[in-house]
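Working notes, beginning with the structure itself.
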Protein chains: 2
Amino acid sequence: MSPRKSAAEARRTRERIVGRSVAIASVDGLEGLTLGRLAGDLEMSKAGVLGHFGTKEALQLAALTEATAIYTRLVWEPAADLPAGLVRLRAVCEHWVDYLETARDAFPGGCLFTTASVEFDAKRGPLHDAVRRLQLRWRRVLLADLTTAVTKGELPADTDPEQLCFELVGLYLGLNQSIQLFGDARAAARARRALDRLLPPA
Amino acid sequence: MSPRKSAAEARRTRERIVGRSVAIASVDGLEGLTLGRLAGDLEMSKAGVLGHFGTKEALQLAALTEATAIYTRLVWEPAADLPAGLVRLRAVCEHWVDYLETARDAFPGGCLFTTASVEFDAKRGPLHDAVRRLQLRWRRVLLADLTTAVTKGELPADTDPEQLCFELVGLYLGLNQSIQLFGDARAAARARRALDRLLPPA
DNA sequence: CCTACCGATCGGTAGG
DNA sequence: CCTACCGATCGGTAGG
């Protein structure tokens, strides 16, 4: 019998659970998460795992939140202080490619947002809503810098920001597939080449 | 107790099972298929369902095979008699967009290949291998017409067919996301516009 | 293609 | 955070 732990220890345990959940969900999807597997991996009881979240759905949402934090830290924050518009946009997109290439510690099965987006795109419920909201937020961030870049004259005046945003997202999804399904080491270079064409340096 | 049926009836039953499986997998993934749910939907016993395939994995592979047949019929065959190169390539890509827009009867949750590709990209086993092989075949078909188009002078001589193929696949994945996750009715027009840029009419 | 069953595992609860 | 459960469901088998 393990005694009740301090609040700090409980927080650490929670972080361990969430981290492991992100890794599992990256490979098997958020629906592939099970309390039994988590308990086994972390050498705790199922009830011990569940106690931190209450329901499996809350655990899945926590994993999605953690994935967002990782993504923000690796992709967005390093570019946050750059000037709005093309400069920041290009930096974000480059971090994006790096992230897909290298974030395999946290996401051994690839970007959790991409996995979750496909997994829940046709299902209703809180997870669908959360995934949709996160993807929408991300598209809006891209769109804002795209619009600024056009306003500033960094992109041609006849550029359609929504069209370009659509194409950037496609690039990202294609890169994720090339890396994950085919292990294609040249894919990142192709994505960068396509970026150079879509977002020509001013 | 239902008596044993004739071979023709058995075949029809098998087709019903596979068709329903494709629709379910389109929404919930091939791992979301369960014998119990299929049995309920089709008003048969679980053993009756399983008897046609032997194992759940064989049923999943059968669903993937059927999805391939639908895809081939809608996207590839209508363009098969066109001249190789840019003309056929453009026709295939246009069918491709139409398919994502309209094939929601067979695939209520969107393209099963895209779903399955993300679902199994990081898992090992026969389903991973089958998904990978099908995606590879499809990329090779695109690549062949791209190469022919360059040889014929229908695309600029400095075109990199693999680069263009990579970008076309990304377009497709982005379109699937826009339709499925966001229900964006303008996405198909955006995909066509991007196609016009990537594959300019000769 | 059915009934009747198998062991395993699912998410979750009670109580400490 | 644990043990000890719960009913439901999983894939699959035996036998007809």
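Labels below follow one simple rule: chain letters A, B, ... track the order of the sequence lines, proteins then strands, and each chain is numbered from 1.
Distance from the side chain of B/His52 is smallest to C/dC1 among C/dC1, C/dG11, D/dG11. Set against D/dA14, D/dT3, D/dG12, the side chain of B/Ala47 has D/dA14 as its closest nucleotide.
Taking OG of B/Ser117 as the start and CH2 of B/Trp138 as the end, the distance is 14.5 Å to the nearest 0.5 Å. To the nearest 0.5 Å, the span separating OH on B/Tyr99 from CH2 on B/Trp76 amounts to 15.5 Å.
Between the CG atom of A/Leu33 and the P atom of C/dG11 there is a distance of 9 Å, given to the nearest Å. The nearest whole Å value for the distance from the CG atom in A/Leu42 to the P atom in D/dC2 is 10 Å. Between the CD atom of B/Glu15 and the P atom of C/dC1 there is a distance of 12 Å, rounded to whole Å. The distance from atom CE of B/Met44 to atom P of C/dC1 is 5 Å, rounded to the nearest whole Å.
Ion pairing between a basic and an acidic side chain is recognised when a charged N comes within 4.0 Å of a carboxylate O; B/Arg11 and B/Glu15 show no such pairing.
Counting all heavy atoms, side chain and backbone alike, B/Leu61 lies closest to B/Ala130 at CD2-CB, 3.8 Å.
Nucleic acid contact class of A/Gly36 (heavy atoms, under 4.0 Å, all strands): sugar-phosphate only.
Nearest-nucleotide mapping onto DNA chain C: of B/Gly48 and A/Leu50, the residue sitting toward the 5' end is B/Gly48.
Phosphate contact (OP1/OP2 of C/dT3, side-chain N/O of B/Ser45, threshold under 4.0 Å): absent. Applying the 4.0 Å criterion to OP1 and OP2 of C/dC1, one finds that B/Thr13 has a side-chain N or O inside that range.
Side-chain atoms of B/Lys46 come within donor-acceptor range of the base of D/dG11, with a qualifying N/O pair under 3.5 Å.
C/dA4 is paired with D/dT13 under the criterion used here, namely a Watson-Crick or G-U wobble arrangement in which both key atom distances are under 3.5 Å.
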